[in-house]
J.: 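Pasting a structure here, questions to come.
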Amino acid sequence: MLIPLNDNGGIRINNSSGNIVARFNNYSSNSIPIKSVEHSFTNLAGNGNNSYKIIIYGDNGCGKPGALLYSSPTLMSPAGHRVFKQFLILLQALLTFLQTADFMLV
């Protein structure tokens, strides 16, 4: 179950597992290069040390995940109580999303 965390779009999972999925649309007439993924954790419950991956899919043409474009190695969420940690993952290869294309971030 996802629960809104704050006004800037943050969310949380109130159990130890789940998927957070974001869908993006490129309505521009220009391609969009993606070089990195920035994300953060605020560990409010003191759990942490949970494995996760950043996965990017293309759109299958029907608004659902299509081809796998990127999968990170297994990462670990921060341990501790009330710990905030920000991450920047540099992609191994530049991803380019063409005009009017969609992509998914899991």
J.: Please name all residues satisfying side chain to side chain contact (heavy atoms under 4.5 Å, CB included) with S72, sequence neighbours left out, ordered by chain then number.
T.: K53, I54, Y70, L75
J.: Taking all non-hydrogen atoms of both residues, which atom of I55 and which atom of S71 are closest, and how far apart?
T.: CG1-OG, 4.0 Å
J.: Considering residues at least two apart in sequence or located in another chain, which fulfil the side-chain hydrogen bond (donor to acceptor under 3.5 Å, both in side chains) criterion with Q86?
T.: E38
J.: Is the closest side-chain heavy-atom distance between V37 and I56 below 4.5 Å?
T.: yes
J.: Are K35 and L91 packed together at the side-chain level, in the sense that at least one heavy-atom pair is separated by less than 4.5 angstrom?
T.: no
J.: If you look at every heavy atom in L94 and P33, which pair is closest and at what distance?
T.: CD1-CB, 3.7 Å
J.: Could I get the full list of side-chain hydrogen bond (donor to acceptor under 3.5 Å, both in side chains) partners for Y52, not counting sequence neighbours?
T.: H39
J.: To the nearest 0.5 Å, what is the distance between CG (L88) and OG (S36)?
T.: 4.5 Å
J.: Can I34 be reached from I89 by stepping across I, L, V, M, F, W or Y side chains whose heavy atoms are under 4.5 Å apart?
T.: yes
